[in-house]
Amino acid sequence: MSWMRKPSWWSVLLTIAGALVFVRLGIWQLHRADYKDELLRRYAAAASAPVQAFDAVASQPPQDAYPRVRVQGAYRADRLYLLDNPKHDNLGGVEVFAPFQPHGQSRVLMVDLGFLPGNGTDKAPQLPPLPTDEQTLQGLYEPPPGTGFEMGGNALVQQTQWPKTSIYLDLDQIASDLHAALYPRVLALDADPASIYVRVHTLDLSSMPPARHRAYAFQWFTFALAAVVIFLVLHRKKRPTKSKS
């Protein structure tokens, strides 16, 4: 290439290594986006999947799958937990979780009853009483909401009245608060037209959705292209300046 100066071996090596690393990171981000797209598809399909017995998946749920289960037992109706201001809408409100004791089991299952919109004040919405007799519940057996940044420590131990409110749901903290062992996932109840709870459950990938992975992939590919362009610019021969006669 007559328009280029002969580059040093280390500059060539550094450019190739940097470009390869950037491309590899971009490809990894694309794979993560595809993986999360597949998770979302599985989650959407789970809502119409056949119902199976809770005992079959309770302790060891299938990885990256969301079984639709049926379970019998009774609520611990005096021990409700409110997830404050979940990512549900712009009106504010709470996602309500209740401990549920499956029939014949020692461990407790946390049940996502659904979302209650805010009432325009700082007070929590009025909660309807839960039934105290034997119940048959049905819904998706899914991981708990992500905790994000646990600012301020464990808020549950500082509260003495029920329901208790937190800005994140940590099953270990709830287990300690209830003095009971919990199942590793929560039961998100199926929608019920007769319920006042809004039950439009979605897989929470808000911290890193597929679109953001693809945006990062584009960024890494841009860095790879920039590395090559910088290399070419730095090794371009300078045009000789014409002397004035």
Side-chain angles (χ1 to χ4, degrees), residues 53-55 57-59 61 68-89 91-148 150-201 204:
F54 175 67
D55 291 345
V57 295
S59 298
R68 192 159 173 253
V69 301
R70 181 181 293 117
V71 60
Q72 292 181 313
Y75 285 112
R76 296 177 62 174
D78 59 339
R79 294 290 184 266
L80 297 182
Y81 294 88
L82 309 181
L83 180 60
D84 189 26
N85 197 24
K87 296 180 178 67
H88 202 287
D89 59 18
L91 300 178
V94 293
E95 194 86 11
V96 185
F97 291 83
F100 186 82
Q101 191 74 60
H103 183 68
Q105 302 296 325
S106 59
R107 285 203 279 180
V108 172
L109 172 65
M110 293 303 298
V111 175
D112 184 354
L113 300 176
F115 175 77
L116 283 182
N119 50 23
T121 70
D122 293 335
K123 296 182 179 179
Q126 184 68 34
L127 303 179
L130 285 174
T132 56
D133 56 346
E134 186 94 353
Q135 296 290 309
T136 299
L137 306 182
Q138 186 171 292
L140 293 183
Y141 190 44
E142 63 180 37
T147 57
E150 300 182 4
M151 297 179 296
N154 187 352
L156 302 180
V157 297
Q158 305 168 16
Q159 301 175 57
T160 58
Q161 295 183 338
W162 300 87
K164 293 188 176 183
T165 303
S166 181
I167 60 174
Y168 59 86
L169 190 78
D170 188 303
L171 291 185
D172 290 335
Q173 292 181 6
I174 291 179
S176 176
D177 195 51
L178 292 173
H179 305 289
L182 299 186
Y183 286 100
R185 290 188 175 186
V186 302
L187 180 67
L189 293 181
D190 286 347
D192 181 1
S195 174
I196 72 168
Y197 290 100
V198 179
R199 293 173 181 164
V200 182
H201 301 294
D204 185 11

Ring pair (Phe, Tyr, Trp, His ring centres under 6.0 Å) partners for F54, two or more places apart: Y141, Y183

In Å and rounded to the nearest 0.5 Å, what is the [atom1] to [atom2] distance from [X] to [Y]?
X	Y	atom1	atom2	result
I174	L156	CD1	CG	6.5 Å
T136	H103	OG1	NE2	10.5 Å
L182	Q173	CG	CD	11.5 Å
D112	R185	CG	CZ	14.0 Å
K164	L178	NZ	CG	8.0 Å

Going by side-chain hydrogen bond (donor to acceptor under 3.5 Å, both in side chains), name the residues that satisfy it together with [X], two or more places apart in sequence or in a different chain.
X	answer
Q105	none
Y75	none
D133	Q135

Between D78 and W162, does the side-chain contact (heavy atoms from CB on, under 4.5 Å) criterion hold? Intermediate values first, please. CA-CA 7 Å; D78 59 339; W162 300 87; over 6 Å; no

Can you find a pair of side-chain heavy atoms, one from [X] and one from [Y], that are under 4.5 Å apart?
X	Y	value
L82	L127	yes
L171	V186	yes
L189	Y197	no
P99	M110	yes
L187	F100	no
L109	L137	no

Give me the atom names and distance for the closest heavy-atom approach of V71 to P102. CG2-CB, 3.9 Å

What heavy-atom pair brings P184 and P61 nearest, and what distance separates the two atoms? CG-CD, 4.1 Å

Residue set satisfying side chain to side chain contact (heavy atoms under 4.5 Å, CB included) with Q161, at least two apart, ordered chain then number -> none

Look at the side chain of R199 and the backbone N and O of L113, then say whether any donor-acceptor pair between them is shorter than 3.5 Å. yes

Has the side chain of Q101 got a donor or acceptor atom that lies under 3.5 Å from a matching backbone atom of R107? yes

Under the salt bridge (Lys or Arg N to Asp or Glu O under 4.0 Å) rule, collect the residues that match up with D190, sequence neighbours excluded. R68

